[in-house]
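A note on names: the letters A, B, ... follow the listed sequences, proteins ahead of strands, and every chain is numbered from 1.
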2 protein chains.
Amino acid sequence: MSTQIRILLADDEHLIRTALAQMLDLEDDLSVVAEAVDGEHAVTAAVKHAVDVAVLDLQMPKLDGIAVAEQLTEQLPGCRCVIITSHGRPGHLKRALAAGVRGFLPKTTSAVILASVVRTVHDGGRHVDPELAAEAIAAGDSPLTPREADVLELAATGAPIDDIADRAALSPGTVRNYLSNAMTKLNAANRHEAVAIARRLGWI
Amino acid sequence: MSTQIRILLADDEHLIRTALAQMLDLEDDLSVVAEAVDGEHAVTAAVKHAVDVAVLDLQMPKLDGIAVAEQLTEQLPGCRCVIITSHGRPGHLKRALAAGVRGFLPKTTSAVILASVVRTVHDGGRHVDPELAAEAIAAGDSPLTPREADVLELAATGAPIDDIADRAALSPGTVRNYLSNAMTKLNAANRHEAVAIARRLGWI
DNA sequence: CGCCGATGATGACGTTTGTCATCGAGAACT
DNA sequence: AGTTCTCGATGACAAACGTCATCATCGGCG
């Protein structure tokens, strides 16, 4: 018997996960041996089944796909990770690559690609969606300092400055300064536009 | 031979669409006879193939799932529509029902359900996800007047009032009044929080 | 060591918002 | 015919916000 590639599939959307699992299982050399509905289960299931490749949705409850990839490089070094996502943001790609992810695909890619990417990364290769790669290079690195990104993230709910200051344990004035800096760097007219821009580029 | 239920499947995410198509095709009494990557193609393909049931993703380019359903009730009255979506917002469910949609499911529902719902709506029945239905009833109707919703939508980018006023062809003062009304109705501290709330409930 | 950048804070200043009262035109309902 | 509601607008006022100058501490780096 030929050895099959053992796959973990993690996605919180049952419909997509089971459909994808069936599709991958149709390939002779691929076998989905574990499924998970959130990031925590993904890590434990991957370790338990000692999978070869983990196919991870980016947005999942508890731990997102990138966090899972980070955990797995520690806890299951032989495992290669592929991220699939609905929203291809440049920043996400960068963070994924930094976390040791070997494959990165938007869900709009065709079905045959996924199986081929699973094989590629299993053989030690890498594959990122070409269009996304171009965007990531064009977008450049995040100009935001860590704290600026933190504060901007807290501003994302639309809460007033005082609320943000409380949650960040900062003085309101400091919060305004950080937001002002972020707005300048992002060419935004106000913090809410800054949030929108940072989100679009995957910087928060 | 038993007559199969003829299905159109519309979703812009290739990966999901082809996986779902394979899965539905595995059922003896179901046959996916058409696929579409956006709303416009969905309408023409459904009409061309005279499908029995249209399975539509809610968020698609050009026309969203609800708009497609509206077109189809006109152009292909015999066709029953099922909407599937990643983000189950109460307002979307209401609009879908008003558009004549017979089935409404989040993508987190299990795979067996979808096939069963397709059969149910084909037989003239209805099926909405129970949890979503409860949310929709609890959330009530949108308290926003049409113009308030319009202005709130324009405010969603985070642009300053003057920009919104320009795009809405309104005086800046009027825009502020509408936004103020919307904020009061939604219990928001500012327009950006109002946008977040209205989005979450599917009112814009 | 000296310099720089990130962090954190303060105060002042002008601008943008949010609130409210008020007005008028048109549509719809009683 | 009168009331009510939406739509649209104006002006005034207070609060929130964005900008800037300035200061202090700390860590890293040449």
Would you say [N] has OP1 or OP2 under 4.0 Å from some side-chain N or O of [X]?
{"X": "A/T174", "N": "C/dA9", "answer": "yes"}
{"X": "B/T145", "N": "D/dC7", "answer": "yes"}
{"X": "B/S180", "N": "C/dG18", "answer": "no"}

Could you give the [atom1]-to-[atom2] distance, from [X] to [N], as a whole number of Å?
{"X": "A/D162", "N": "C/dT17", "atom1": "CG", "atom2": "C1'", "result": "15 Å"}
{"X": "A/L170", "N": "C/dT7", "atom1": "CG", "atom2": "P", "result": "10 Å"}
{"X": "A/L186", "N": "D/dT19", "atom1": "CG", "atom2": "P", "result": "12 Å"}
{"X": "A/R147", "N": "C/dA9", "atom1": "CZ", "atom2": "C1'", "result": "14 Å"}
{"X": "A/D163", "N": "D/dA16", "atom1": "CG", "atom2": "P", "result": "11 Å"}
{"X": "A/E193", "N": "C/dT16", "atom1": "CD", "atom2": "P", "result": "14 Å"}
{"X": "A/L144", "N": "C/dT7", "atom1": "CG", "atom2": "P", "result": "11 Å"}
{"X": "A/K185", "N": "D/dG18", "atom1": "NZ", "atom2": "P", "result": "16 Å"}

Proximity to the side chain of [X] - top-ranked nucleotide from [options]:
{"X": "B/R191", "options": "C/dT7, C/dA9, C/dT17", "value": "C/dT17"}
{"X": "B/I161", "options": "C/dT17, C/dT7, D/dG8", "value": "C/dT17"}
{"X": "A/S171", "options": "C/dG8, D/dG11, C/dT10", "value": "C/dT10"}
{"X": "A/R176", "options": "D/dT19, D/dG11, C/dT17", "value": "D/dT19"}
{"X": "A/M183", "options": "D/dG8, D/dG18, C/dT7", "value": "D/dG18"}
{"X": "A/N177", "options": "C/dT10, D/dC7, D/dT10", "value": "C/dT10"}

**Asked** Which is true for B/L179 with a 4.0 Å heavy-atom rule: it touches a base, it touches only sugar-phosphate, or it touches nothing?
**Response** nothing
**Asked** What pair of heavy atoms forms the shortest contact from B/S31 to B/Q4, and how long is it?
**Response** CB-OE1, 3.4 Å
**Prompt:** Donor-acceptor pair under 3.5 Å: do we get one between A/N190's side chain and the base of C/dT17?
**Reply:**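 Side chain to base: no pair present.
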**Identified side-chain contact (heavy atoms from CB on, under 4.5 Å) counterpart of A/I84 within the set A/L20, A/I16, A/L56** = A/L20
**Prompt:** Between NZ of A/K94 and CG of A/L201, what distance do you get to the nearest 0.5 Å?
**Reply:** 10.5 Å
Might you confirm whether atom [atom1] of [X] has over 12 heavy atoms from other residues, nucleotides or ligands at distances under 6.0 Å?
{"X": "A/H14", "atom1": "NE2", "value": "yes"}
{"X": "B/R167", "atom1": "CZ", "value": "yes"}
{"X": "A/Q75", "atom1": "CD", "value": "yes"}

**Item:** Bend angle of the helix from C/dC1-D/dG30 to C/dT30-D/dA1, end axes from five pairs each (to 10°)
**Value:**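 Comparing the axis at each end, I get an angle of 30°.
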**Prompt:** Taking for each residue the nucleotide of DNA chain D with the nearest heavy atom, is it B/Y178 or A/T184 whose nucleotide lies nearer the 5' end?
**Reply:**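 Mapping each residue to its closest nucleotide by heavy atoms, the 5'-most match is B/Y178.
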**Complete:** Assign each of A/G173 and A/N181 the nucleotide of DNA chain C bearing its closest heavy atom; nearer the 5' end lies the nucleotide of A/N181
**Request:** Using a strict 4.0 Å threshold on nitrogen-to-oxygen distance, state whether B/R17 and B/D57 make a salt bridge.
**Result:**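 Salt bridge between B/R17 and B/D57, a charged N being under 4.0 Å from a carboxylate O: no.
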**Message:** Quick one, A/H49 and A/L8 - any side-chain contact, counting heavy atoms below 4.5 Å?
**Reply:** no
